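Quick caveat, the model's predicted, so the values are computed rather than measured. In what follows, chains carry the letters A, B, and so on, assigned in the order in which the sequence lines appear, proteins first and then strands, with residues in each chain numbered from 1.
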Protein chains: 2
Amino acid sequence: MAPAPKDTPGESNTLLEAQDRFVAAWGQMGVVWGISRTMAEVHALLYITDEPLCTDDVMDRLQISRGNASMSLRALVDWGIVTRTHKRGDRKEYFRAEQDVWAMARAIVRERVKREVDPLLANLYEIKDLTQRPAKAARRAGSLPDPLESHHRRLDALIDLTITLQRVAQTFSGPAGRGMAAAASLLQSPLLRRGRPAADDAAVVTDADPATEVPQ
Amino acid sequence: MAPAPKDTPGESNTLLEAQDRFVAAWGQMGVVWGISRTMAEVHALLYITDEPLCTDDVMDRLQISRGNASMSLRALVDWGIVTRTHKRGDRKEYFRAEQDVWAMARAIVRERVKREVDPLLANLYEIKDLTQRPAKAARRAGSLPDPLESHHRRLDALIDLTITLQRVAQTFSGPAGRGMAAAASLLQSPLLRRGRPAADDAAVVTDADPATEVPQ
DNA sequence: TCGAAGTTTCAGAAATCACTGAAACCGAAA
DNA sequence: TTTCGGTTTCAGTGATTTCTGAAACTTCGA
């Protein structure tokens, strides 16, 4: 972590130390999550700090370049977990992190679904399509192409799982979502009749329309 | 993806192509998840293939080294999403992926909680401890150290969120877990009275014992 | 006790990812 | 129009992760 040499008046050194450790730990998690380390660190810093900070504050405290700080801050704003604020008589922009951790969690889930689940689903549909036509032709011709059959069964099971994941996450994080409670009730609703460990009822989505389903 | 030049008798080329695309897509996801690309690809290959494969099969199809293939397979077995099998009169070991996608999902969640959430939680407790003593001393001395106060409130909120996440995931994936339904009912139980978006009731975990809480 | 099948380890190479530092760019207030 | 705060881009560099190829090691059957 940064040396953080100047002892800000009013703040103890042990506090700064604890903050630095937190920033580092959060950065670690960022790596595991596919967020860049710095972006996570910037977020951690803003979250743990009382006052809003400007770009230069972030640069100084984290010892990173202006470009990096600027882009990371922008990305965080895009994610919806950091907001811009201003101070009277100051043209500079200041940044503060969302303080409600549940709102934060929802924003993060929303963004990750958009970036990871949606494209994956589109991909799976597309891959299934690759063998869709041959399979149909073969079936019409009378022969049952066994390998294609099981290939489709597997893909369908995966698509099914992904859709469920997507729905739950969207319900949890969606604009009209009421968070965990909503997601929980969705999980128990007959809409998704899943969750039986060894039940062999994989293929449900059969010929869903890939084009209209996935926005990205 | 690998060229996959030899046309396995009985399997069409479009099938191989689709499989390769699937392997590539799954590998992509692996990167995003902090699993290495190869490990994810090996898993994808085993999942999408009818017959169990041996180490050499994997090496050939994916064009990777023996060491890499061996270690990736071992890791997958450790994760519990791939099992070893044998063929009569053959000393070689063969590998096959868990076919039930829900069991797969549970295994993955279990492993990721162990590797990511548990250590994070331990970290958060430790960081909180760093300022715990100074804060108490100051409080006893009569002064109210405001920055320490809000520092703790933030950390507590985060610890709280992490614990909830941990519990839900463990319920979903635990040995006695019945999957999504169990997780859903946990979410709605009064045990975790969370999920109200803007409710300002963060600090609940106050002085939980860090040592006994986290195994890792 | 040998040898074949299989696993693990590791140093170095390759690939990937993140970051810097500088420059170009933009918009708006003075 | 200039200046200021700020953003974006990018070539080059550094750091980290992943992979290879080979060797050492383990296990077990003959």
Side-chain angles (χ1 to χ4, degrees), chain A residues 1-2 23-24 26-46 52-79 82-96 115-116, chain B residues 1-2 23-24 26-46 52-79 82-96 115-116:
Chain A
M1 197 46 354
V23 168
W26 211 238
Q28 276 285 327
M29 292 318 292
V31 180
V32 172
W33 293 354
I35 301 166
S36 91
R37 185 199 313 291
T38 308
M39 187 173 151
E41 285 186 349
V42 170
H43 175 249
L45 179 61
L46 290 178
L53 303 178
C54 67
T55 306
D56 297 79
D57 294 335
V58 173
M59 286 172 57
D60 292 349
R61 183 75 189 272
L62 259 37
Q63 301 284 353
I64 59 175
S65 71
R66 163 162 266 95
N68 199 3
S70 176
M71 296 303 275
S72 295
L73 284 168
R74 204 178 96 72
L76 288 169
V77 171
D78 284 348
W79 276 54
V82 161
T83 52
R84 300 173 204 269
T85 55
H86 293 271
K87 284 186 182 175
R88 284 242 156 279
D90 191 345
R91 234 177 102 191
K92 271 215 280 277
E93 279 185 327
Y94 289 80
F95 299 87
R96 100 172 327 149
R115 295 176 181 232
E116 294 161 28
Chain B
M1 192 51 356
V23 167
W26 210 239
Q28 276 285 326
M29 290 318 291
V31 181
V32 172
W33 293 354
I35 301 166
S36 90
R37 185 200 315 289
T38 308
M39 185 172 152
E41 284 185 350
V42 171
H43 175 249
L45 179 61
L46 291 178
L53 303 178
C54 67
T55 307
D56 297 78
D57 295 335
V58 173
M59 286 172 56
D60 292 349
R61 183 74 190 272
L62 259 37
Q63 301 285 353
I64 58 176
S65 72
R66 175 171 306 286
N68 199 3
S70 177
M71 297 305 277
S72 295
L73 284 168
R74 203 177 92 73
L76 288 169
V77 171
D78 284 348
W79 276 55
V82 161
T83 54
R84 300 173 204 269
T85 55
H86 293 272
K87 284 187 183 174
R88 285 242 155 277
D90 191 344
R91 231 177 103 191
K92 271 215 282 275
E93 279 186 325
Y94 289 80
F95 298 87
R96 102 170 327 148
R115 298 178 177 228
E116 293 160 28

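Under the 3.5 Å distance criterion, the side-chain polar atoms of B:Asp60 are left unmatched by any main-chain donor or acceptor of B:Asp57. In this structure, A:Ser70 contributes its side chain and A:Arg66 its backbone to no donor-acceptor pair below 3.5 Å.
For B:Gly67 and A:Arg66, each mapped to the nucleotide of DNA chain D holding its nearest heavy atom, the one lying further toward the 5' end belongs to A:Arg66.
Between D:dT8 and A:Arg74, a contact under 4.0 Å exists linking OP1 or OP2 to a side-chain N or O. One finds a side-chain N or O of A:Arg84 lying less than 4.0 angstrom from the OP1 or OP2 phosphate oxygen of D:dT7. Remark: B:Thr55 is in phosphate contact with C:dT7, judged by side-chain N or O atoms under 4.0 Å from OP1 or OP2.
For A:Ile64, taking side-chain heavy atoms from C-beta onward, the closest of the listed nucleotides C:dT20, C:dT16, D:dT7 is C:dT20. Between D:dT18, C:dA18, C:dT7, one nucleotide has an atom nearer to the side chain of A:Ser36 than all others, and that is C:dA18. Considering only the side chain of A:Ser65, C:dT20 comes nearest among C:dT20, D:dT7, D:dT18.
At whole-Å resolution of the value, CZ in B:Arg37 and C1' in C:dA15 are 9 Å apart. In this entry the distance linking CG of B:Asn68 with C1' of D:dT17 reads 12 Å, nearest Å. When the P atom of C:dC17 is taken as reference, atom CE of A:Met39 falls 17 Å away, rounded to whole Å. Between the P atom of C:dA15 and the CD atom of B:Gln63 lies a distance of 15 Å, rounded to the nearest Å. In this entry the distance linking CG of B:Leu53 with P of C:dG6 reads 14 Å, nearest Å. Separating the CG atom of B:Asp56 from the P atom of C:dT7 is a distance of 10 Å, rounded to the nearest angstrom. In this entry the distance linking CE of B:Met59 with C1' of D:dC19 reads 13 Å, nearest Å. Here D:dT17 presents its P atom at 19 Å from CD of B:Glu41, a figure rounded to the nearest Å.
Partner of B:Met39 under the side-chain contact (heavy atoms from CB on, under 4.5 Å) criterion, chosen from B:Leu73, B:Leu76, B:Asn68: B:Leu76.
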Restricting to nitrogen or oxygen on both sides, can you table the protein-nucleotides 3-5 of chain C pairs closer than 3.5 Å?
none

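The nearest pair of heavy atoms linking A:Ala40 to A:Gly27 is CB-CA, 3.9 Å. The shortest non-hydrogen separation linking B:Lys92 to B:Cys54 is CE-SG, 3.8 Å. A pairwise comparison of heavy atoms in A:Glu41 and A:Ala24 identifies OE2-CA, 4.4 Å as the closest pair. Contact record, A:Phe95 with A:Leu46: O-CD2, 3.6 Å, taken as the closest heavy-atom pair.
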